[in-house]
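Data block below; observations after.
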Amino acid sequence: QVQLVESGGGLVQAGGSLTLSCTSSENIALMDTMGWYRQTPGGQREMVAVWSRSGVPTYADFVRGRSVLSRDPGRNMLNLFMMRLRSEDSGVYLCNAKLRRRPTEGPEEDYWGQGTQVTVSS
């Protein structure tokens, strides 16, 4: 069982920046993918930024060029730095991690944090 805890959300003015952090209870080196998703008011989740074993992060179009995903293996953390924030960026941001403990057998495990609120004021 993996626990994911998010932090770093809050209230920020448009044009400002913040850093979201996700701390994993297990070694993040075990994860096949790990990233950030945003939850819409209707409960849907959209990908924001995801790290995979390719080593090259994937970004959603709406944050590409103004966000940086980084890993901190020493603290089992995944961070998302967001800059030039807009009111449209507001929402609940969730951390996600996926892993398959047996590459050729068994199910993929899928874990989610509780989320952290980001509110961008105009």
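Both backbone and side-chain heavy atoms feed into the values below; hydrogens, waters and symmetry mates do not.
In this structure, V50 and L69 approach most closely via the heavy-atom pair C-CD2, 3.5 Å. The shortest non-hydrogen separation linking T33 to S52 is CG2-CB, 4.1 Å. Considering every non-hydrogen atom in both A49 and M47, the closest pair reads N-SD, 3.6 Å. When all heavy atoms of E6 and C95 are compared, the pair lying nearest together is OE2-N, 2.8 Å. Between S24 and V2, the closest heavy-atom pair is OG-CG1, 3.7 Å. The minimum heavy-atom distance between A14 and S122, with the atom names listed, is CB-CA, 4.4 Å.
The salt bridge (Lys or Arg N to Asp or Glu O under 4.0 Å) test applied to R38 returns E46, not counting sequence neighbours. When the side-chain hydrogen bond (donor to acceptor under 3.5 Å, both in side chains) test is applied to R86, no partner is found at least two apart in sequence or on another chain. Residues satisfying the side-chain hydrogen bond (donor to acceptor under 3.5 Å, both in side chains) test with S25, not counting sequence neighbours, are Q3. The side-chain hydrogen bond (donor to acceptor under 3.5 Å, both in side chains) search around R101 returns E26, E109, not counting sequence neighbours.
V118 places none of its side-chain heavy atoms less than 4.5 Å from the side chain of S90. Looking only at side-chain heavy atoms (C-beta outward), F62 and E88 stay at 4.5 Å or farther from each other.
Under a hydrophobic-cluster definition in which Ile, Leu, Val, Met, Phe, Trp and Tyr are linked whenever side-chain heavy atoms come within less than 4.5 Å, directly or via other members, V48 and Y111 are assigned to the same cluster. If you chain together hydrophobic residues whose side chains sit under 4.5 Å apart, V120 and L94 never meet in one group. Residue M31 is not grouped with residue W112 when hydrophobic side chains (ILVMFWY) are merged at heavy-atom distances under 4.5 angstrom, including chains of intermediate members. Y37 and W51 fall into different hydrophobic clusters, defined by Ile, Leu, Val, Met, Phe, Trp and Tyr side-chain heavy atoms under 4.5 Å apart, directly or through other members.
For the side-chain contact (heavy atoms from CB on, under 4.5 Å) test with T119, the passing option among V92, L11, D89 is L11; the others fail.
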Please list, one pair per line, the donor and acceptor atoms closer than 3.5 Å that link side chains of residues 74-84 to other protein atoms, with sequence neighbours excluded.
unit_1 : atom_1 : unit_2 : atom_2 : d
N76    : OD1    : I28    : N      : 3.2
N79    : OD1    : S21    : OG     : 2.8
R84    : NH2    : G65    : O      : 3.2

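By the neighbour-count criterion of 12 heavy atoms within 6.0 Å, atom CD of Q114 is sparsely surrounded, having that number or fewer from other residues, nucleotides or ligands. Annotation: E105, atom CD; neighbour count of heavy atoms from other residues, nucleotides and ligands within 6.0 Å does not exceed 12.
Taken from CG in D110 to NZ in K98, the straight-line distance is 4.0 Å, to the nearest 0.5 Å.
Here the side chain of R53 pairs a donor or acceptor atom with the backbone of A29 at under 3.5 angstrom.
Applying the disulfide (SG to SG under 2.5 Å) test to pairs two or more places apart or on separate chains, none has a residue in residues 30-64.
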